[in-house]
Amino acid sequence: MIRTLNVVENLAYKKHTWQTITRYQYTSSKAVDGKLTLRMEQGNQCAVTGGNVSEAAWTVDLGKVYAFHSIFIYFTHEESDAGKKTIFK
């Protein structure tokens, strides 16, 4: 059975995460901790991949199958675009 949601709900909140490479203490779990006030390294509220790599992967286990209309991913730039939101449809 596929559950369909008509509201915005953070299905990833506190779920199990994984990323290929982690920079310092910026583990993948920071991406699903619900903290959104300062999404940059100084705020310690974001997952950061480490090293000088051209590709990285991040996953979250939602625990079951869902049908999505869109996915909101917040990312950070340490300059003027901090907290920009990308919508994947």
Could you check whether the rings of Phe68 and Tyr66 sit parallel, tilted or perpendicular, using 30° and 60° as the cut-offs?
tilted

Work out which heavy atom in Lys15 is nearest to a heavy atom in Val32; give both atom names and the distance.
O-CG2, 3.6 Å

Lys30 and Gln25 have their tightest heavy-atom pair at CE-O, 3.1 Å

Same cluster for Trp18 and Ile71 if Ile/Leu/Val/Met/Phe/Trp/Tyr side chains link at under 4.5 Å?
no

Between Tyr26 and Gln19 the two heavy atoms that sit nearest each other are O-NE2, 3.6 Å

Smallest separation among heavy atoms of Ala47 and Thr27, with atom names
CB-O, 3.4 Å

Here the gap from Lys14 atom NZ to Asp33 atom CG, rounded to the nearest 0.5 Å, amounts to 6.0 Å

